[in-house]
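Nothing fancy with the numbering, it's 1 onward along the sequence. Scope of the values below: all heavy atoms of this structure, side chains included, with no hydrogens, waters or symmetry mates. First listed ligand is number 1; within each ligand, the first listed atom is number 1. Note that the structure is predicted; figures quoted are calculated from it, not measured.
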Amino acid sequence: MHTAPSQNMRAAVVTRYGAPEVVEVCTLPRPALGDTDVLIRVCATTVSSGDARVRGRRVPEGMGLLMRLALGWSRPRNPILGTDCSGVVEAVGAKVSRVKPGDAVVAFTGATMGAHAEFVRVSGAAPIAPKPARLTHGEAASLLFGGITAYHYLHRAAQLAARDRVLIVGAAGAVGSAAVQLAHLAGAHVTAVCRSVNHARVTGLGADAAIDYTRDDFTRGEARYDVIFDCVGATDYAACAKALAPGGRLLRAVAGLGAQLAAPFQGRLSGHRVIAGVTPELQTDLDRLMALAASGALRPVIDDTLGLEDVVAAHRRVDEGHKRGNLVLLLDPR
Ligand SMILES: NC(=O)c1ccc[n+]([C@@H]2O[C@H](COP(=O)([O-])OP(=O)(O)OC[C@H]3O[C@@H](n4cnc5c(N)ncnc54)[C@H](OP(=O)(O)O)[C@@H]3O)[C@@H](O)[C@H]2O)c1
């Protein structure tokens, strides 16, 4: 079937699991629009730790088979990665009335991915919200992946309270930099764990104290925390138990299958809770995040902004494991 050139798009395509170099920029047909779909012209998206995990087939222990079944056996079923975007609605299906062409929006594509392209199709039922006018598309996109994860863990899972003592491990990354801000905004006392080169940055986001994990081990210190949020999979309950206050919660954004199954039963005798698992991307949480961003309370943290042609460099940077906040891919600088 002939496809008119104007109906094509550029996209970053992963042809097999592997190193950053398996990502290629190609020209493909734009996604077809169904009655319940929204087609978004992507202005900005991010290359997240999640994208790099899928590309490199690097999954937490015990999750390899599940991931291959869910995402594709020898290559991602959808070769276009990317789970978040900020852009402009290009077209809507006949049954969609919540947004209209021309609306500036942020959205999650979820497990179907596809946002590392000039156009992405999302379900009309997907989390979609107006882009806060004060933010550029790059800034708005940078708030999504880490923001929704941090919001889910701190507010929904741990039910964070004002004056809780919160320790955030991996505070300089995408999830961590959002978590520092959200915990600070909730009135918690925040201790950030990251290398000292990042301490000024995390205190600027609201951390009250910072620990350099290359020099000090918080699990051996005297301080006690109501919430320990391990954003990067650096610790576990056995190591953290002593550092948790009575009623304390350990949040594990990265946990293997065994750890996820064990989490509901761990710490009970000590009055602790361990929470792990995949973050659901909920419309209500996206709306709250965007309200915080619209007021200026939640601020973008951007490691670098690159073009689609630089997508391999973006994956390399994420693979280093030391990005500060978010890696933005800018497709349309409007
Ligand atoms: N459960 C879920 O639904 C969910 C959702 C989103 C993400 N995740 C997972 O969460 C993890 C973090 O995601 P992310 O996007 O925040 O990653 P990221 O942005 O790539 O994290 C990079 C940061 O990790 C820090 N770091 C590395 N090793 C550390 C250590 N041992 N202790 C403390 N900090 C360390 C680095 O800080 P320094 O440079 O200071 O070392 C760097 O700033 C990923 O593995 C991702 O797959 C899970």
Side-chain angles (χ1 to χ4, degrees), residues 20 46-61 63 66-67 70-71 81-84 108 110-111 141-154 156-158 167-182 191-203 205 207 210-219 228-236 239-240 250-257 259-260 263 274-282 285 289 300-304 314-328:
T46 65
V47 177
S48 70
S49 55
D51 296 317
R53 270 191 186 284
V54 173
R55 188 220 70 234
R57 200 154 57 77
R58 282 192 309 265
V59 286
E61 207 180 330
M63 308 284 277
L66 284 175
M67 182 211 154
L71 297 177
L81 306 182
T83 60
D84 54 26
F108 283 107
S142 77
L143 291 169
L144 300 174
F145 176 83
I148 202 101
T149 307
Y151 193 95
H152 163 75
Y153 270 100
L154 290 175
R156 205 167 277 288
L167 178 96
I168 294 167
V169 182
V175 179
S177 59
V180 168
Q181 295 187 75
L182 292 173
T191 302
V193 178
C194 54
R195 289 178 305 149
S196 50
V197 68
N198 291 319
H199 284 189
R201 188 174 288 252
V202 292
T203 50
L205 295 174
I211 296 172
D212 184 340
Y213 65 86
T214 66
R215 294 184 194 152
D216 295 308
D217 180 352
F218 73 88
T219 66
I228 296 176
F229 185 7
D230 179 2
C231 302
V232 290
T235 187
D236 59 20
C240 290
L250 171 63
L251 314 177
R252 302 186 65 186
V254 184
L257 185 60
Q260 287 191 35
V274 180
I275 300 163
V278 176
T279 300
E281 289 159 356
L282 302 179
D285 294 357
L289 273 183
V301 181
I302 296 177
D303 181 272
D304 203 356
H315 276 268
R316 285 194 192 117
R317 174 66 179 147
V318 180
D319 274 10
E320 286 168 13
H322 291 291
K323 73 178 163 68
R324 296 164 170 176
N326 301 272
L327 205 304
V328 171

I'd like the atom pairs linking ligand 1 to the protein - N or O on both sides, separation under 3.5 Å - with distances to 0.1 Å.
| residue | atom | partner | partner atom | Å |
| --- | --- | --- | --- | --- |
| ligand 1 | 1 (N) | A253 | O | 2.8 |
| ligand 1 | 1 (N) | G277 | O | 2.9 |
| ligand 1 | 3 (O) | T279 | N | 2.7 |
| ligand 1 | 3 (O) | T279 | OG1 | 2.9 |
| ligand 1 | 10 (O) | C231 | O | 3.1 |
| ligand 1 | 13 (O) | S49 | OG | 3.1 |
| ligand 1 | 15 (O) | S49 | OG | 2.7 |
| ligand 1 | 16 (O) | A174 | N | 3.1 |
| ligand 1 | 16 (O) | V175 | N | 2.8 |
| ligand 1 | 19 (O) | A174 | N | 2.9 |
| ligand 1 | 19 (O) | K323 | NZ | 2.7 |
| ligand 1 | 39 (O) | R195 | NE | 3.0 |
| ligand 1 | 39 (O) | R195 | NH2 | 2.8 |
| ligand 1 | 39 (O) | N198 | ND2 | 3.4 |
| ligand 1 | 39 (O) | H322 | ND1 | 2.8 |
| ligand 1 | 40 (O) | R195 | N | 2.8 |
| ligand 1 | 40 (O) | N198 | ND2 | 2.9 |
| ligand 1 | 41 (O) | R195 | NE | 3.3 |
| ligand 1 | 41 (O) | Y213 | OH | 2.4 |
| ligand 1 | 41 (O) | H322 | ND1 | 3.0 |
| ligand 1 | 43 (O) | G173 | N | 3.4 |
| ligand 1 | 43 (O) | K323 | O | 2.6 |
| ligand 1 | 45 (O) | R53 | NE | 3.4 |
| ligand 1 | 45 (O) | R53 | NH2 | 2.9 |
| ligand 1 | 47 (O) | R53 | NE | 2.7 |

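For D212, the salt bridge (charged side-chain N to carboxylate O under 4.0 Å, His left out) partners are R215, not counting sequence neighbours. Among residues two or more places apart in sequence or in another chain, the side chain to side chain contact (heavy atoms under 4.5 Å, CB included) test is passed with L282 by R156, P280, T284, D285. Residues meeting the salt bridge (charged side-chain N to carboxylate O under 4.0 Å, His left out) test with R316, sequence neighbours left out: E21.
Once rounded to the nearest 0.5 Å, the distance linking OG1 of T83 with CG of L144 reads 8.5 Å.
Checking side-chain atoms of D217 against main-chain N and O of T219 turns up a donor-acceptor pair under 3.5 Å.
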Subject >> Residues R55, D319; criterion salt bridge (Lys or Arg N to Asp or Glu O under 4.0 Å); working and verdict >> reply: CA-CA 10 Å; R55 188 220 70 234; D319 274 10; 2.7 Å; yes
